[in-house]
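Counting convention: from 1, in listed order, for ligands and their atoms alike. Remember, it's a predicted structure, so these values are computed and weren't measured experimentally.
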Amino acid sequence: MPKKLEHIGIAVNDLEQAEALFSKLLQTKSYKREEVKSEGVITSFFQIGDIKIELLAATNTESPIAKFIEKRGEGIHHLAFESDDINNELAERKSQNIQLIHETPKDGADNKKIAFLHPKSTGGVLWELCQEKAED
Ligand code: ZN
């Protein structure tokens, strides 16, 4: 089940510039940067109240973020909902005929397992499920 809106992902061209802009807008500094090599992105996180803003910049031209910006320009890329059990929720979504981008969760930024639902099935919103990785 989704528990809460965990973060909002925003696609940006230039991470330095976007960090400066969002620091000004949110009146707080980015608290961490993290690269996700498998996705060809570098992320930067802001905390605002209970929610995070995740800036995403491409690190290569094959990155999904590079492709997104090419098509749609900079802006909101995805909404991420924290799941209490991501594997269960993916199975449930599938049974609801929601199109999955990832059948099984993969490693994302911020110590999370993540999986995406296809915007065709979710009202045009790229929908991320995320769950904190269990410590092992
Ligand atoms: Zn995200």
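One of the N, O or S atoms belonging to His7 lies under 2.8 Å away from the Zn ion (ligand 1). Residue side and main chain included, Glu128 places an N/O/S atom under 2.8 Å of the Zn ion (ligand 1).
Side-chain contact annotation: Glu89 with Ser83, donor-acceptor N/O pair under 3.5 Å present.
Shortest distance from the Zn ion (ligand 1) to His78 is reached at NE2 (N/O/S atoms only). Considering just the N/O/S atoms of Glu54, the one nearest the Zn ion (ligand 1) carries the name OE1.
In this structure, the side chain of Gln27 engages the main chain of Lys24 through a donor-acceptor pair within 3.5 Å.
Relative orientation of the His78 and Phe116 rings is perpendicular, given thresholds of 30° and 60° on the angle between their planes.
With respect to the salt-bridge test (charged N to carboxylate O, under 4.0 angstrom), the residues Lys113 and Asp107 qualify.
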